[in-house]
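Here the structure comes first, spelled out in structure tokens, and everything after it is commentary.
Index from 1, following the sequence.
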Amino acid sequence: DRIPPSTRSGFLNATGRVQGRFPLAAVSQDPAQVLEQAQTLFIATVAGAYPEVARRLAPYLQPGQRVVLFSSKLAGCVAFEHVLHLEGVRGVRVAETDALFASRLQPDGSIQIRGIKRWNLVSTPRRSQTVEALDFLSGLFEGLEAADHVIQRGLTDFGALAHPLTMLANLNQVDRKQPFLFYCDGFTERTVVLLETLEQEFQQVARAYQTNLLPASTWLDRYYGCAPGSLLEAMRSVPNYQTSVAPDSLTHRYLQEDVACTLVPMRALARLAGVSTPVADAVVALTSALHAVDYDREGRTLESLGWAGLAPEQILSR
């Protein structure tokens, strides 16, 4: 229903950082038709939809085909591959990275490309496969690096860090549909301590799984470029963020996706490793109450990753 009318005519208009009128070979909702024509599939949808997408594609996927997940959140490639295995599919290579483009569908049906990330991490369900995936993706996109493993890649995600907490810190304003600049006005010099504390929790979980994260301000600088200084100063100086208006609904992927698919598995991994995450705990609890959803049960659990019953060292050795 959301596909622009122009795509049905065989082209897509883009503005912003990428401009032009681009021909499309086909537009289809039939996975069999798509998979007959594509050796590599790029999945660009909310991470909470991965189980459904994997199940719909499973009957038509063949060994040797490749699936690349954009904005996969924490261990998205593991979750996707786990569903494929439950469906009896083997030999499909699954890789993940973060969203590489900041893009929005415009009222006229065109796509505005607001930003292109200059740096990102790549991972696969097993570290032994990551180098091959990186070699392939580096031929298409610049600035990609191999992650130590899926946990490092999943926690190197500024959206997962900032989106839910910013939404909750401004929930009345969002619910009243009072516009504000999401990244520039979402925190003050005092309240940004919540974001900084959540970042520390991300760092602690990463260390428990034998890796480290760069500072979040460095992510922003590598993504888009920003001014040096505090996390708040960096966030406010990102050119792409200076026009980003907040969502006008609390039923939004900034809460649903980032809580269900990053904070929920992060907390499960933290508990497994004996790491305390009080701010992440509060965000998940408040979002669960707000949406009347038990995200600890309905989100990306260790069971949905195929990691139930494993110790941290077993997860890292897979």
Check the pair Gln242 / Cys184 against side-chain contact (heavy atoms from CB on, under 4.5 Å), numbers first and verdict last. CA-CA 6 Å; Gln242 292 174 359; Cys184 294; 4.1 Å; yes

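- Nearest heavy atom pair, residue Ser217 against residue Cys226, reads O-SG, 3.8 Å.
- Among all heavy-atom pairs drawn from Gly48 and Cys261, the shortest one is N-SG, 3.7 Å.
- The side-chain heavy atoms of Pro164 and Leu255, taken from C-beta on, include a pair separated by under 4.5 Å.
- With values rounded to the nearest 0.5 angstrom, Asp281 atom CG is found 4.0 Å from Arg267 atom CZ.
- Rounding to the nearest 0.5 Å places CG of Asn170 at 10.5 Å from CD of Gln178.
- No option in Thr211, Thr130, Asn212 other than Thr211 meets the side-chain hydrogen bond (donor to acceptor under 3.5 Å, both in side chains) test with Asp148.
- Of all the heavy atoms in Ala147 and Arg153, the pair that sits closest is CB-CB, 3.7 Å.
- Judged by distance alone, with hydrogens and angles left aside, the side-chain atoms of Ser110 form no donor-acceptor pair with the main-chain N or O of Ala14 at under 3.5 Å.
- How far CD of Glu132 is from CZ of Arg93: 5.0 Å, rounded to the nearest 0.5 Å.
- In this structure the side chain of Thr40 reaches within 4.5 angstrom of the side chain of Phe42, judged on heavy atoms.
- No continuous path of ILVMFWY side-chain contacts below 4.5 Å connects Phe136 to Leu69, so the two sit in separate hydrophobic clusters.
- No continuous path of hydrophobic side-chain contacts links Val34 to Phe11 [ILVMFWY only; heavy atoms under 4.5 Å].
- Taking all atoms of both residues into account, the shortest heavy-atom contact from Ala270 to Val205 is CB-CG2, 3.7 Å.
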Intermediate values then yes/no, side-chain contact (heavy atoms from CB on, under 4.5 Å), Leu168 and Leu194: CA-CA 11 Å; Leu168 292 177; Leu194 298 173; over 6 Å; no

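- Counting only distance, with no hydrogens or angles, the side chain of Thr97 and the backbone of Leu121 share a donor-acceptor pair below 3.5 Å.
- Taking the side chain as every heavy atom from C-beta outward, Leu57 and Ile43 approach each other to under 4.5 Å.
- A distance of 9.0 Å separates CZ in Phe182 from OG in Ser244, rounded to the nearest 0.5 Å.
- Side-chain atoms of Arg222 do not come within 3.5 Å of backbone N or O of Arg118 as any donor-acceptor pair.
- In this pair, Phe101 and Phe141 present their aromatic rings perpendicular. The plane angle is above 60°, beyond the 30 to 60° band.
- For Gln39 (side chain) and Gly64 (main-chain N/O), a donor-acceptor pair under 3.5 Å exists by modelled atom type.
- None of Asp258, Asp296, Leu269, Leu74 except one satisfies the side-chain contact (heavy atoms from CB on, under 4.5 Å) rule with Val264; the exception is Asp296.
- A pairwise comparison of heavy atoms in Leu232 and Val192 identifies CB-CG2, 4.0 Å as the closest pair.
- Following chains of ILVMFWY side-chain contacts shorter than 4.5 Å, one can reach Phe180 starting from Leu171, so the two form part of one hydrophobic cluster.
- In this structure the side chain of Trp307 reaches within 4.5 angstrom of the side chain of Val78, judged on heavy atoms.
- Side chain of Arg114 to main chain of Asn240: a donor-acceptor pair is present (N/O by atom type, distance under 3.5 Å, no hydrogens or angles).
- Looking only at distances, no side-chain donor or acceptor of Thr191 sits under 3.5 Å from a matching main-chain atom of Phe187.
- When hydrophobic clusters are built by joining Ile, Leu, Val, Met, Phe, Trp and Tyr residues whose side-chain heavy atoms come closer than 4.5 Å, directly or via intermediates, Val284 is grouped together with Val174.
- At least one side-chain heavy atom of Val245 sits under 4.5 Å from a side-chain heavy atom of Leu181.
- The side-chain heavy atoms of Ile315 and Ile151, taken from C-beta on, include a pair separated by under 4.5 Å.
- Between the Thr166 side chain and the Ala162 main chain, a donor and an acceptor come within less than 3.5 Å of each other.
- Within the model, atoms OG of Ser71 and CG of Asp157 stand 6.0 Å from one another, a figure rounded to the nearest 0.5 Å.
- Here the closest non-hydrogen pair linking Leu272 and Leu310 is CD2-O, 3.2 Å.
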Given Asp98 and Tyr223, is the side-chain contact (heavy atoms from CB on, under 4.5 Å) satisfied, shown in steps? CA-CA 11 Å; Asp98 197 5; Tyr223 287 166; 3.6 Å; yes

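- Here the side chains of Tyr183 and His163 are in contact, with some heavy-atom distance below 4.5 Å.
- Side-chain atoms of His149 come within 3.5 Å of backbone atoms of Gln152 as a donor-acceptor pair (strictly under, hydrogens ignored).
- Within 6.0 Å of CZ in Arg56 there are 12 or fewer heavy atoms belonging to other residues, nucleotides or ligands.
- Residues Phe70 and Leu41 fall into different hydrophobic clusters, defined by Ile, Leu, Val, Met, Phe, Trp and Tyr side chains chained together at heavy-atom separations under 4.5 Å.
- Using cut-offs of 30° and 60° for the angle between ring planes, the His252 and Tyr254 rings count as perpendicular.
- Not one N or O on the side chain of Glu81 forms a donor-acceptor pair closer than 3.5 Å with the backbone of Val94.
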Please test Leu231 against Phe158 for side-chain contact (heavy atoms from CB on, under 4.5 Å), starting from the C-alpha separation and ending with a verdict. CA-CA 11 Å; Leu231 177 57; Phe158 190 74; 3.9 Å; yes

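- Within a 6.0 Å radius of CZ in Arg297, other residues, nucleotides and ligands contribute 12 heavy atoms or fewer.
- Side-chain atoms of Ser138 never come within 3.5 Å of backbone atoms of Asp135 as a donor-acceptor pair (strictly under, hydrogens ignored).
- The distance from the CD atom of Glu196 to the CD atom of Glu201 is 13.0 Å, given to the nearest 0.5 Å.
- Between Ser276 and Gln204 there is no side-chain heavy-atom pair separated by less than 4.5 Å.
- The environment of CD in Glu313 is crowded: more than 12 heavy-atom neighbours from other residues, nucleotides or ligands sit within 6.0 Å.
- Other residues, nucleotides and ligands contribute more than 12 heavy atoms inside 6.0 Å of the CD atom of Gln106.
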